[in-house]
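All remarks here apply to the structure that follows.
The chains referred to below are lettered A, B, ... by the order of the sequence lines, with proteins before strands, and numbering in each begins at 1.
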Number of protein chains: 2
Amino acid sequence: MKNMTQEPRNILSQHKVSITNPRIIVLDTLLDFGNPITIEELQSKLKGKVAKSTLYRVLNDLKKINILNEFTSPDNAVVVELILEEDSHHHHLFCSDCGEVIDVELSDEFEMMLVKEMEKVQKELNFEIKDHRVEMFGLCTDECSNCE
Amino acid sequence: MKNMTQEPRNILSQHKVSITNPRIIVLDTLLDFGNPITIEELQSKLKGKVAKSTLYRVLNDLKKINILNEFTSPDNAVVVELILEEDSHHHHLFCSDCGEVIDVELSDEFEMMLVKEMEKVQKELNFEIKDHRVEMFGLCTDECSNCE
DNA sequence: ACAATAAATGAGAATAAGTCTCATTTATTT
DNA sequence: AAATAAATGAGACTTATTCTCATTTATTGT
Ligand SMILES: [Mn+2]
Ligand SMILES: [Mn+2]
Ligand SMILES: [Zn+2]
Ligand SMILES: [Zn+2]
């Protein structure tokens, strides 16, 4: 049985955000794409359906309720991705050629070691570390449909 | 004895880039600041000395000869830093409050483990990984002069 | 279900980071 | 020192994102 939280209407009501057409459409598009997506690509998918200003507003709404992650790719494209409850902590791999962004889960041992490193840094620099991010850069090989 | 490579004129001539005033001034400012700096802050330091268009051109020149690293902070500010020969591989810590960016060197054991993780990912995803970046987010504590 | 109220939207104007143009200045080469 | 090539400054231009405001849509209370 499919997770109810993945329905746009449920996601919105769970977060006490009013259910509107543009919000449903944007969520649907993000859920359907299923991967990190550039604003540019998202805009092209929504052309004629959601106004540009509304798209940015909806994305901000989703950020505010902490279900949208935003970051910048090495070629300075803004990328967003939904954070679903079922998603586990992960990182990203960027293709320098086609710009594709791929989710990557690293091993628990590695994540534990990273936490230890952060604890060391915290003490040394007297800084309270809340979060981290690991980004990997490289090149898609043969099976990428975008680069060739 | 101070490293000759740290003199703007030497840096430029070593990279076969012509020695001009704006380039010297920008390099001096970056060297003097000694830390990653936002474009905004850099511009304010250069106000009246180097034209905006020239600043961007010089930064591009430095990127081309691979002595400038550029990245985006979590609040979407563009940050640059000089890559000096004496610098070792390192990562960054961002204060979510004041925006400060701090260099962080992680342990060799950690870096080795990260390389191993990347090798695993490479095989699994058939992706050629060239580089990586670890970013840590948090809050400066007491001794930060910017946040208070 | 219906009116009243509050919130969200669309269209396009405004803002601002970064790029481009071109006349002038500066560096390099001869 | 003159000739040539490269770099600069000023401001125009481009474009991603934000803002404004009149209209539409959602929510609430009856
Ligand atoms: Mn992801
Ligand atoms: Mn650094
Ligand atoms: Zn690719
Ligand atoms: Zn701080």
Side-chain angles (χ1 to χ4, degrees), chain A residues 7-30 36-65 67-80 99 101, chain B residues 7-30 36-65 67-80 99 101:
Chain A
E7 301 301 326
R9 304 184 118 82
N10 291 322
I11 295 177
L12 294 171
S13 63
Q14 271 170 24
H15 291 88
K16 299 178 179 115
V17 162
S18 69
I19 293 161
T20 66
N21 246 297
R23 286 176 180 157
I24 291 169
I25 294 171
V26 170
L27 282 174
D28 258 335
T29 308
L30 291 172
I37 186 173
T38 61
I39 302 276
E40 196 187 13
E41 195 166 357
L42 188 52
Q43 265 177 332
S44 86
K45 284 183 189 293
L46 295 172
K47 189 143 329 140
K49 296 189 205 160
V50 174
K52 180 176 52 131
S53 51
T54 302
L55 172 58
Y56 281 105
R57 271 185 301 230
V58 168
L59 292 177
N60 277 329
D61 296 338
L62 301 181
K63 278 190 236 167
K64 262 187 218 138
I65 60 175
I67 63 167
L68 192 82
N69 189 16
E70 181 185 298
F71 48 90
T72 305
S73 77
D75 50 317
N76 293 319
V78 174
V79 177
V80 295
V101 186
Chain B
E7 300 301 326
R9 303 184 118 82
N10 290 324
I11 295 176
L12 294 171
S13 64
Q14 271 169 23
H15 290 89
K16 297 178 179 118
V17 162
S18 70
I19 293 161
T20 67
N21 245 296
R23 285 175 181 159
I24 291 168
I25 294 171
V26 170
L27 281 174
D28 258 335
T29 307
L30 290 172
I37 188 172
T38 60
I39 302 275
E40 195 187 14
E41 194 166 358
L42 188 51
Q43 264 177 332
S44 87
K45 283 182 190 295
L46 296 172
K47 186 140 336 136
K49 297 187 202 160
V50 175
K52 180 176 55 133
S53 51
T54 304
L55 171 58
Y56 281 105
R57 270 184 303 228
V58 168
L59 292 177
N60 276 330
D61 296 338
L62 301 181
K63 277 189 237 168
K64 259 186 220 140
I65 61 177
I67 64 166
L68 191 83
N69 190 15
E70 181 185 299
F71 49 91
T72 305
S73 76
D75 49 317
N76 293 320
V78 174
V79 178
V80 295
V101 186

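At least one side-chain heavy atom of B/Leu42 sits under 4.5 Å from a side-chain heavy atom of B/Leu59.
Separating the CD atom in A/Glu41 from the CG atom in A/Leu46 is a distance of 11.0 Å, to the nearest 0.5 Å.
If you take CZ of A/Arg23 and C1' of D/dT27, they are 13 Å apart, rounded to a whole angstrom. Atom CD in A/Gln43 sits roughly 8 Å away from atom C1' in D/dA16 (whole-Å rounding). Taking atom CG of B/Leu55 as the reference point, atom C1' of C/dT19 lies 13 Å away to the nearest angstrom. Per the geometry, CG belonging to A/Asn76 stands 15 Å off C1' belonging to D/dT17, to the nearest Å. In this structure, B/Lys47 places its NZ atom 14 Å from P of D/dA10, rounding to the nearest Å. The interatomic distance linking A/Asn60 (CG) with C/dA7 (P) rounds to 18 Å, in whole Å. Atom CG in A/Leu12 sits about 13 Å away from atom C1' in C/dA8, given to the nearest Å. Summarising the geometry, the separation between CG on A/Asn21 and P on C/dA8 is reported as 14 Å, rounded to the nearest angstrom.
Listed candidates were D/dG9, D/dT27, C/dG10. Nearest to the side chain of A/Pro22 is C/dG10. The nucleotide whose nearest atom lies closest to any side-chain atom of B/Thr20 is, among C/dG18, C/dG10, C/dA27, C/dA27. With distances taken from any side-chain atom of A/Arg57 to the nucleotides C/dA8, C/dG10, C/dC22, the minimum falls on C/dG10. The side chain of A/Tyr56 approaches D/dA16 more closely than any other nucleotide in the set C/dA13, C/dG10, D/dA16. Picking from D/dA26, C/dG18, D/dT17 the nucleotide with the shortest atom distance to the side chain of A/Lys52 gives D/dT17.
Partner of A/Pro8 under the side chain to side chain contact (heavy atoms under 4.5 Å, CB included) criterion, chosen from A/Thr29, A/Ile19, A/Asp28: A/Asp28.
Heavy-atom minimum distance, A/Val79 versus A/Pro36: CG1-CB, 3.6 Å.
Residue contacts for B/Ser53: at a heavy-atom cut-off of 4.0 Å it reaches a base atom on one of the strands shown. Within 4.0 Å (heavy atoms only), B/Thr54 reaches at least one base atom of the nucleic acid.
Judged by distance alone, with hydrogens and angles left aside, the side-chain atoms of B/Arg23 form a donor-acceptor pair with the main-chain N or O of B/Ser18 at under 3.5 Å.
Comparing B/Ile39 and B/Val17 along DNA chain C, the residue whose closest nucleotide (by nearest heavy atom) sits nearer the 5' end is B/Ile39.
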